[in-house]
2 protein chains.
Amino acid sequence: MKKRPESPHCETCGARHKSIFCTLSPDEVNDLDASKNCNFYDKGQVIFHEGNRVNGIYCVSKGKIKLFQIGNEGKEQIIRFAKEGDIIGYRALLSEEPLSASAATLEESALCFVPKSQIMKMIAENPNFNFKMLKMLSHELGEAARIITELAQKPVRERLAETLLILKNTFELDEKQVIQVKLSREEIANIVGTATESVIRLLSDFKKEKLIEVEGRNIKLLNIPELTRVANVFE
Amino acid sequence: MKKRPESPHCETCGARHKSIFCTLSPDEVNDLDASKNCNFYDKGQVIFHEGNRVNGIYCVSKGKIKLFQIGNEGKEQIIRFAKEGDIIGYRALLSEEPLSASAATLEESALCFVPKSQIMKMIAENPNFNFKMLKMLSHELGEAARIITELAQKPVRERLAETLLILKNTFELDEKQVIQVKLSREEIANIVGTATESVIRLLSDFKKEKLIEVEGRNIKLLNIPELTRVANVFE
DNA sequence: AGGAAAACCTGAATTTTATCATAATTTTGT
DNA sequence: ACAAAATTATGATAAAATTCAGGTTTTCCT
């Protein structure tokens, strides 16, 4: 966790405008900025550990984060991702429980730590912020429920197809249709809930079926409608 | 949805004392009572449908409720349960999204509908209530994450054992160690995320192993420590 | 009470998925 | 740049779980 000189001010932080902090008043932004603490992380660094207590939240100023639990046999299960403008650690903070997941960077990242007191102040004093918080938690809960149903009912092939689409929606595609996040096959398996070998095999099936193109850890989506059909998504 | 004469007052409602409404002031309780609307449901009745919009929440005054999603092949996935003192429908209300799950009674039940305006008022005016709401959502989110990891990583046998323990914790045991909720084998399968036949087979295995005793839909837990071992739970 | 429907149970066959072994390729550290 | 380590890949095998088919029992309805 190396700290570098140029810690950006919240006022000018690009991430803030996409975040839960986007509608704060100038005074509140200054307040937030004074309380925060920005840190830089290398790729693969752990930000916090499942089971620990937190005394604040982390706001992703730059980079990509995975949140994961360690299952019984020591296997990692990726629960969700966070990117620029997202906050992490709020679940444990608000429930006053230990962290339910660990967080690690997927690439070089910068995160600002905002202490509990500051978050609580904003919740208490800014109804709009409070409502955003409630809305975010509720939304997350709905996403989690959907994932539960998919894990319980869909075969691996469908879950992998859907995971690719979720990654697309979370991290977007570049101009060449390549998903803008680099994950190992094992990490993909740890989202889908399957064995690494199964991911490798199915990705190569998708390749043969001209649904995707693979170059190292870059995945290019060639046929999103068909991939959606394979994923067998509702709605 | 038959309405009966004797709609209890919130002030004297036993469920309220176990609920998120337990610390309201007398004035607030009167306010809540004036806004609410109590309804009675037969066993198996649907309270609300996934995909619909809600304009309030339901508080379980009496009875047991299952919340479930319908997956692609029309298969039900039970997401969570609610019992006396629990509220349902708050996720959709707060996220301003359609309901992510349907709710149906597992036995004769009574639920009070509390309109959105009343909930919003309490959130805005009672910081303690607001905080309880945040805490409840965060807690639920943690539970959901744990379920995701288990579904993704554990075999059916372990998940079934754990489901029995979760049912025990949710609905308690009577003096004869019988879980106080009646579910069909299919419903159990729809929690565990497996086929009905698998549940039948595994329950009969558990019976042979003297972990449980089964009489119709009553499940008696004979050896909770060993069941915990079979469930292979962390922590 | 009696018949229909639903739920429960069991075995066999099939499918899905994981595991193991081994090799090729890529990445990483010095 | 090079050796070691990690990741990716592929085939063979084994295990897990579902599906199908057939019964039996229980519950529900009039």
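Residue numbering restarts at 1 for every chain, and letters A, B, ... go by the order of the sequence lines.
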If you assign each of A/Ala152 and A/Lys207 to its closest nucleotide in DNA chain D, which residue comes earlier from the 5' end?
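The residue mapped nearer the 5' terminus is A/Lys207.
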Nearest-nucleotide 5' precedence on DNA chain D, A/Ile200 against B/Lys75:
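That would be A/Ile200.
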Considering residues at least two apart in sequence or located in another chain, which fulfil the salt bridge (Lys or Arg N to Asp or Glu O under 4.0 Å) criterion with B/Arg229?
B/Glu226
Sequence neighbours excluded, which residues qualify as salt bridge (Lys or Arg N to Asp or Glu O under 4.0 Å) partners of B/Lys135?
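Salt bridge (Lys or Arg N to Asp or Glu O under 4.0 Å) check on B/Lys135 returns A/Glu96.
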Pairs satisfying ring pair (Phe, Tyr, Trp, His ring centres under 6.0 Å), at least one member in residues 174-193 of chain B, at least two apart:
none
For [N], does OP1 or OP2 lie under 4.0 Å from any side-chain N or O of [X]?
{"X": "A/Arg157", "N": "C/dT17", "value": "no"}
{"X": "B/Arg201", "N": "C/dC9", "value": "no"}
{"X": "A/Ser198", "N": "C/dT16", "value": "no"}

Has the side chain of [X] got a donor or acceptor atom that lies under 3.5 Å from a matching backbone atom of [Y]?
{"X": "A/Asp42", "Y": "A/Gln45", "answer": "no"}
{"X": "A/Arg185", "Y": "A/Val199", "answer": "no"}
{"X": "A/Asp86", "Y": "A/Ser19", "answer": "no"}

Checking all strands, does B/Thr194 fall into the base, sugar-phosphate, or nothing category for heavy-atom contacts under 4.0 angstrom?
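Here B/Thr194 touches the backbone only, sparing every base.
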Contact class for A/Arg217 vs. all strands (heavy atom < 4.0 Å): base, sugar-phosphate, or nothing?
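A/Arg217: backbone/sugar contact only, no base atoms under 4.0 Å.
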In the 5' to 3' direction, the nucleotides of DNA chain D bounding the stretch that comes under 4.0 Å of a heavy atom in chain B are D/dA17 to D/dC20
Using the C1' atoms of the five pairs at each end, what is the angle between the end axes of the helix from C/dA1-D/dT30 to C/dT30-D/dA1, to 10°?
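Here the helix ends are tilted 70° relative to one another.
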Please report, rounded to the nearest Å, how far the C1' atom of C/dC8 is from the CD atom of B/Glu186.
11 Å
Not counting sequence neighbours, which residues clear side-chain contact (heavy atoms from CB on, under 4.5 Å) with B/Lys18? List them please.
B/Glu84
Are A/Tyr90 and A/Tyr58 close enough that their ring centres sit under 6.0 Å apart?
no
